[in-house]
Asker: 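Here it is: the structure, laid out below.
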Amino acid sequence: MAKGPLITRTELRKRKEAADSEMKRNQEIAEEEYQEKEKEISDFYRKERKKNKEVLTTRSGEQGKIRERSSKLTKAIVIVGILLIIVILIVLNL
């Protein structure tokens with residue numbers, strides 16, 4: 001006959017707590033590794049999205065804008081030139 005139990009309840013409790021803490025530590029490490037890999041993947045694809053931006057304008061649309069802007073600038077230059085001529089004529093006639 002055995003004199004006592006092979007493993008006591010306290011020993012079982014200690015082993016269970018040790019196993020639980022080990023499992024939690026392993027789970028935390030795995031979670032950290034997972035987060036790091038997710039971050040690397042998201043950084044890679046974020047950089048790829050920056051490289052491959054969608055084209056939102058057309059060449060003809062851009063040329064139309066440039067033509068419109070250049071016509072406005074030409075008109076402004078002509079008006080400033082006329083005003084300069086008027087000022088020069090007024091100053092020289094005094």
Side-chain angles (χ1 to χ4, degrees):
M1 263 190 105
K3 293 182 180 181
L6 296 175
I7 300 174
T8 61
R9 289 182 188 168
T10 56
E11 184 65 30
L12 283 173
R13 193 178 316 121
K14 286 179 185 178
R15 287 184 183 179
K16 184 178 178 184
E17 287 174 358
D20 287 344
S21 66
E22 176 93 20
M23 192 168 63
K24 283 183 182 179
R25 235 182 293 126
N26 288 341
Q27 190 174 9
E28 288 174 356
I29 291 171
E31 183 69 27
E32 288 175 5
E33 290 175 356
Y34 176 77
Q35 292 296 334
E36 288 175 8
K37 287 190 179 192
E38 280 292 318
K39 186 177 179 187
E40 288 176 13
I41 291 169
S42 66
D43 286 347
F44 174 78
Y45 284 108
R46 183 174 44 88
K47 290 176 185 176
E48 286 297 316
R49 278 194 309 267
K50 281 185 179 179
K51 286 181 190 175
N52 301 328
K53 290 185 178 178
E54 283 189 31
V55 177
L56 300 175
T57 57
T58 61
R59 190 176 296 168
S60 61
E62 288 297 315
Q63 287 177 349
K65 287 179 187 177
I66 291 171
R67 263 188 251 114
E68 191 177 314
R69 202 176 319 139
S70 67
S71 67
K72 286 180 183 178
L73 286 174
T74 306
K75 289 177 186 176
I77 290 171
V78 169
I79 291 172
V80 169
I82 292 172
L83 290 174
L84 265 173
I85 292 172
I86 293 172
V87 169
I88 290 173
L89 289 176
I90 292 174
V91 169
L92 290 179
N93 284 337
L94 285 177

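When a residue number appears, it is its place in the shown sequence, counting from 1.
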Asker: As an exercise, state the distance from NZ of Lys37 to CD of Glu40, rounded to the nearest 0.5 Å.
Answerer: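 Here the rounded value is 8.0 Å.
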Asker: Rounded to the nearest 0.5 Å, how far does CD1 of Ile88 lie from CG of Asn93?
Answerer: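 Here the rounded value is 11.5 Å.
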Asker: Check the surroundings of atom CZ in Arg9: do more than 12 heavy atoms from other residues, nucleotides or ligands lie under 6.0 Å from it?
Answerer: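 Atom CZ in Arg9 is not crowded, with 12 or fewer foreign heavy atoms closer than 6.0 Å.
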Asker: Can Glu22 and Arg25 be counted as an ion pair, charged N to O under 4.0 angstrom?
Answerer: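 Arg25 and Glu22: salt-bridged.
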Asker: Tell me, with the steps shown, if Arg15 and Glu11 meet salt bridge (Lys or Arg N to Asp or Glu O under 4.0 Å).
Answerer: CA-CA 6 Å; Arg15 287 184 183 179; Glu11 184 65 30; 3.4 Å; yes
Asker: Please report the interatomic distance CD(Glu28) to NZ(Lys24), rounded to the nearest 0.5 Å.
Answerer: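 NZ of Lys24 is found 8.5 Å from CD of Glu28.
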Asker: To the nearest 0.5 Å, tell me how far Thr74 OG1 sits from Arg69 CZ.
Answerer: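 Reported to 0.5 Å precision, the distance equals 12.0 Å.
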Asker: Just how far is it from atom CD of Glu36 to atom NZ of Lys39, taken to the nearest 0.5 Å?
Answerer: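 Between Glu36 CD and Lys39 NZ, I get 9.0 Å after rounding to 0.5 Å.
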Asker: Contact between Ile82 and Val78 at the side-chain level, heavy atoms closer than 4.5 Å - yes or no?
Answerer: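 When only atoms from C-beta onward are counted, Val78 and Ile82 do touch, with a gap below 4.5 Å.
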Asker: Could you tell me the separation between the CE atom of Met23 and the CD atom of Gln27, rounded to the nearest 0.5 Å?
Answerer: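 Answer for the CE-CD pair, Met23 versus Gln27, is 7.0 Å.
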Asker: So does Lys65 pair up with Glu62, basic N to acidic O under 4.0 Å?
Answerer: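 Judged by the 4.0 Å cut-off on N to carboxylate O distance, Lys65 and Glu62 do form a salt bridge.
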Asker: Walk me through it: do Thr8 and Leu12 pass the test side-chain contact (heavy atoms from CB on, under 4.5 Å)?
Answerer: CA-CA 6 Å; Thr8 61; Leu12 283 173; over 6 Å; no
Asker: Would you please say whether a donor-acceptor pair under 3.5 Å links the side chains of Gln35 and Glu31?
Answerer: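 On atom types as modelled, these side chains qualify, holding a pair under 3.5 Å.
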